[in-house]
Amino acid sequence: MAAGRPRPSYLDGLNPEQRQAVEALDGAVLVLAGAGTGKTRVLTTRIAHILASGRAFPSQILAVTFTNKAAREMKERISAMVGEAVEGMPWLGTFHAIGTKILRRHAELVGLKPNFTILDTDDQIRLIKQILSAENLDDKRWPARTLAGMIDGWKNRGLTPDQVPAGEGAVFAGGRGVALYAAFQDRLKTLNATDFGDLLLEPIRLFRLNPDVLADYQRRFRFLLVDEYQDTNVAQYLWLRLLALGGKNICCVGDDDQSIYGWRGAEVDNILRFDHDFPGATVIRLERNYRSTGHILAAASHLIAHNEGRLGKTLFTDDEPGEKPTVTSTWDSEEEARAVGEEIESLQRRGHKLDDTAILVRASFQMREFEERFITLGLPYRVIGGPRFYERAEIRDALAYFRCVVQPADDLAFERIVNVPKRGLGEASIKQMHDHARAAGIPLMQAARDIVETDALKPKARTSLRELLQCFERWRGDLDGKPHTELAEIILDESGYTGMWQQERTAEATGRLENLKELVRSMEDYANLPAFLEHVSLVMESDRSDGVDAVSIMTLHSAKGLEFETVFLPGWEEGLFPHQRALDESGRAGLEEERRLAYVGLTRARRRAKIYFSANRRIHGLWSSTIPSRFVDELPEDHVEVEESKGKPGWGGGMVSRFDRADPFASSNYGTPGWQRAKAGGGQGGGFAEGGAGALERGRFGGSSRGAFGHASGGKVIEGELIAKSTGGSSFSRGDRVFHVKFGYGEIIALDGNKLTVQFDKAGEKKVVDSFVEKV
DNA sequence: GGCATTTGGCTTTTT
DNA sequence: GCCAAATGCC
């Protein structure tokens with residue numbers, strides 16, 4: 001791999017923009033890589049190029065990703081290009097893994113010991129619960145989850161307790177939010193633990209408090225590379241920015257149109273502001289798409305063009321136009337699943353592989369209907385995502401045992417397993433230990449040791465606690481003596497943990513025992529127990545794909561980065577997609593993120609994209625009539641095919657059946673908000689009028705005066721902003737009784753255009769748009 | 001302390 | 001309507 005050669009082979013096959021992105025090594029570079037434009041290829045080739053050209057040693061390159069999967073993939077691809085040199089790339093990993101590495105090296109500087117534990121979300125919440133109950137706060141009124149969410153939010157924004165804006169902490173527990181955050185941080189330090197947020201926040205604090213340490217890393221990292229830059233949160237941005245100070249060579253790759261994690265703290269602004277943050281930055285656009293056919297790309301591009309806050313790219317392809325994406329309406333979600341099932345079977349008959357097929361849903365509750373249908377059909381499928389291996393109770397219990405052996409001060413782990421299996425050590429016994437531990441300022445396990453020597457506990461409890469403690473002593477003594485996998489088995493056995501599941505003799509218990517075996521097996525790859533635990537807190541995946549040809553079912557979020565020959569996109573209905581909550585909570589920004597999600601969904605398809613919406617869907621148990629998603633309207637007419645529903649009657653005509661029976665306001669299909677607005681005629685009424693009227697016209701599928709996807713008059717409407725543009729059309733008046741799908745029954749107490757103030761019987765006073773309620 | 005019943009919530013998810 | 005968690009009872 002001589003540097004002198006005119007054109008190293010790894011540059012072969014790159015298009016001019018990709019090549020520019022690979023070769024522009026100096027200064028700040030932003031690569032705006034549209035969907036399917038070869039983003040990962042550019043990133044990995046760029047690293048190969050840095051190495052091959054001798055600009056830096058592997059250890060001088062910092063390359064960060066979000067997921068372990070992405071990091072692994074990058075490692076593999078780089079080593080394929082440059083050989084084993086990657087072995088020496090110690091700084092390629094997730095933000096959290098690299099943060100941990102830095103933090104362990106300098107733990108003392110931020111009040112931790114190098115062997116600190118990393119708490120996952122579950123531990124974090126249990127700890128917060130303890131703090132809340134110690135403060136005598138009613139956990140009904142002030143749930144630990146809520147505070148955990150707030151703390152995560154602050155950490156995502158890089159805020160330590162003293163930096164939280166005054167007003168923000170005030171909303172929790174009567175102004176005690178920030179104090180509780182501070183208390184939580186204190187507890188973490190006492191436990192020698194961090195949560196995920198700290199893995200970013202603490203390095204920032206470390207760097208700020210110790211400029212010499214920072215300078216050291218700034219010197220070390222000659223090149224910085226960041227994957228999925230649109231997903232970075234403020235803390236990650238600050239972290240990067242500190243490291244990049246002094247005119248570093250930083251290269252961020254991302255796509256603002258695929259930013260779908262705003263709700264967990266990602267700041268699209270980071271990418272939108274890049275050239276402001278790094279003056280003189282080179283911006284390179286990758287717009288040549290190698291994935292999808294022309295029609296799919298056109299549909300996706302046209303859809304995403306409805307977003308305002310974007311940098312703008314124009315994707316193009318040399319591929320044939322191919323099949324137009326289809327839009328199919330169904331009567332209800334059951335028929336939708338049936339239609340998708342039939343289509344897949346038909347594709348299968350024509351020789352398509354199920355592996356090349358995916359169903360991408362907005363919310364996971366949608367999956368069940370497809371699963372049920374596929375079971376009936378005998379169609380193999382796999383659900384991607386869902387509960388992760390290490391989140392399963394048995395795995396967490398086993399890990400807690402191991403943690404107690406390795407880290408006697410790990411109170412959370414000890415508390416988790418002290419009475420699992422049942423040892424007669426209930427709440428009362430645990431309280432004893434807690435009180436003593438707190439009073440003496442010692443870890444729980446040590447407190448337990450003291451208590452065993454007194455007669456504070458009943459003889460029975462005392463004996464079993466003593467036995468447990470003796471076990472831990474013994475296991476700890478074997479840490480160096482026995483191979484760690486063997487020790488792990490001994491621990492699970494002698495503690496009675498495996499015995500507990502064996503006794504249950506249910507299919508579920510068998511599965512759990514399998515998982516435990518799998519856990520022990522996976523330990524073989526690590527040198528010892530501590531090394532394994534270190535790894536497991538950050539990584540640990542369950543995707544054991546079994547090699548069977550099967551349809552993939554997953555959420556749109558987990559589909560990002562994947563691609564399939566055929567993609568089914570069901571549930572394109574207002575309220576579900578875009579999701580009502582995204583609109584309510586984040587208004588326009590929420591809508592744009594939902595639209596990006598739709599864009600991500602469409603661009604997963606190589607040759608076929610099939611969109612569905614159904615007229616009725618069960619939401620929280622209630623059958624509700626629904627309206628096609630505005631995203632359907634935003635697809636370009638010329639690039640989309642409208643299909644008749646496979647099932648019998650489409651919309652207008654005498655539909656009957658289940659809906660009528662299950663519907664609380666029976667026989668009133670024609671009285672639903674959609675119909676009322678349709679009757680009122682087009683743009684009136686604001687709210688969903690546009691979608692509603694259009695939908696019904698399309699519903700008959702006779703084609704309408706506006707064309708299949710003609711845009712109705714009136715501007716875009718975003719719920720949550722409660723646009724009052726309607727005049728006259730409203731048929732409501734004060735005192736009317738109304739029904740709302742979410743809030744139930746209530747009485748109108750005030751009107752303002754199409755905005756109603758309703759006193760709901762159960763939900764209290766709310767402001768709603770009239771199109772959401774119906775007269776009763 | 002363990003089991004049965006009631007309650008509440010219900011978008012997306014990584015580390 | 002369904003599920004997990006929390007409460008209440010024995």
Side-chain angles (χ1 to χ4, degrees), chain A residues 64-71 93-100 118-125 129 139-140 143-146 149 152 155-156 194-201 228 231-233 235-236 259-266 360-369 384-388 390-391 393 419 421-430 458 460-461 464 535-541 554-561 571 575-586 590 593-594 596-598 600-601 617-624 662 664 741-742 762-763:
Chain A
V64 279
T65 63
F66 276 84
T67 63
N68 294 299
K69 196 175 155 209
T94 62
F95 275 101
H96 291 85
I98 290 169
T100 308
I118 300 164
L119 305 186
D120 63 21
T121 320
D122 213 73
D123 290 329
Q124 188 199 21
I125 288 187
K129 259 189 194 147
D139 61 350
K140 268 269 163 56
R145 293 202 152 274
T146 310
D152 276 343
K155 288 187 175 177
N156 282 338
T194 65
D195 62 10
F196 286 125
D198 286 343
L199 298 177
L200 300 168
L201 196 57
E228 306 275 23
D231 288 339
T232 49
N233 60 34
Q236 283 155 339
S259 163
I260 55 174
Y261 286 111
W263 51 274
R264 70 176 196 213
L360 310 183
V361 298
R362 175 62 181 83
S364 37
F365 76 83
Q366 292 172 261
M367 293 181 180
R368 215 176 55 187
E369 212 131 15
I384 314 281
R388 257 156 285 286
Y390 72 103
E391 280 168 4
N419 200 32
K422 300 269 183 286
R423 297 189 176 89
L425 297 165
E427 230 172 289
S429 315
I430 291 170
K458 295 199 188 100
K460 230 173 163 180
S464 71
H535 184 79
V536 93
S537 53
L538 287 174
V539 200
M540 187 82 188
E541 279 154 276
M554 69 187 94
T555 62
L556 286 159
H557 283 92
S558 38
K560 191 165 80 142
L576 175 58
F577 191 38
H579 201 280
Q580 194 55 49
R581 229 164 123 169
L583 303 178
D584 289 346
E585 282 166 19
S586 320
E593 184 154 311
E594 296 285 296
R596 291 193 289 267
L597 203 48
V600 166
R617 189 174 293 276
R618 197 151 56 179
I619 299 165
H620 305 325
L622 279 179
W623 280 99
S624 319
V741 174
K742 194 159 140 202
K762 295 235 170 81

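Chain naming here is simple, since letters A, B, ... match the order of the sequence lines and numbering starts at 1 in each.
- Nucleic acid contact class of A/Q236 (heavy atoms, under 4.0 Å, all strands): none.
- Rounded to a whole Å, the CG atom of A/L597 is 15 Å from the P atom of B/dT11.
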Please write out each protein N/O paired with an N/O of nucleotides 5-9 of chain B under 3.5 Å, distance rounded to 0.1 Å.
none

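- If you check every strand for non-hydrogen atoms under 4.0 Å, A/I98 touches nothing.
- The side chain of A/S364 contributes no N or O atom lying less than 4.0 Å from OP1 or OP2 of B/dT11.
- In this view, A/F196 satisfies the ring pair (Phe, Tyr, Trp, His ring centres under 6.0 Å) rule with no residue, not counting sequence neighbours.
- Every residue was checked against the salt bridge (Lys or Arg N to Asp or Glu O under 4.0 Å) condition with A/K129, not counting sequence neighbours, and none meets it.
- Between B/dT15, B/dG2, B/dT13, one nucleotide has an atom nearer to the side chain of A/T121 than all others, and that is B/dT15.
- Distance A/L200 CG to B/dT15 P: 13 Å, rounded to the nearest Å.
- Listed nucleotides B/dT11, C/dC3, B/dT13 differ in distance to A/T555; the shortest reach to its side chain belongs to B/dT13.
- In this structure, the aromatic ring of A/H620 is positioned over the six-membered ring of the base of B/dC10, centres within 5.5 Å and planes within 30°.
- Atom NZ in A/K155 sits roughly 18 Å away from atom C1' in B/dT13 (whole-Å rounding).
- Counting only heavy atoms from C-beta on, A/F196 has its side chain closest to B/dT15 among B/dT15, C/dA6, B/dT13.
- Distances shown here put a side-chain N or O of A/K129 below 4.0 Å from the OP1 or OP2 atom of C/dA6.
- Here the P atom of nucleotide B/dT13 and the CD1 atom of A/I260 are 9 Å apart, to the nearest Å.
- Between the NZ atom of A/K69 and the P atom of B/dT13 there is a distance of 13 Å, given to the nearest Å.
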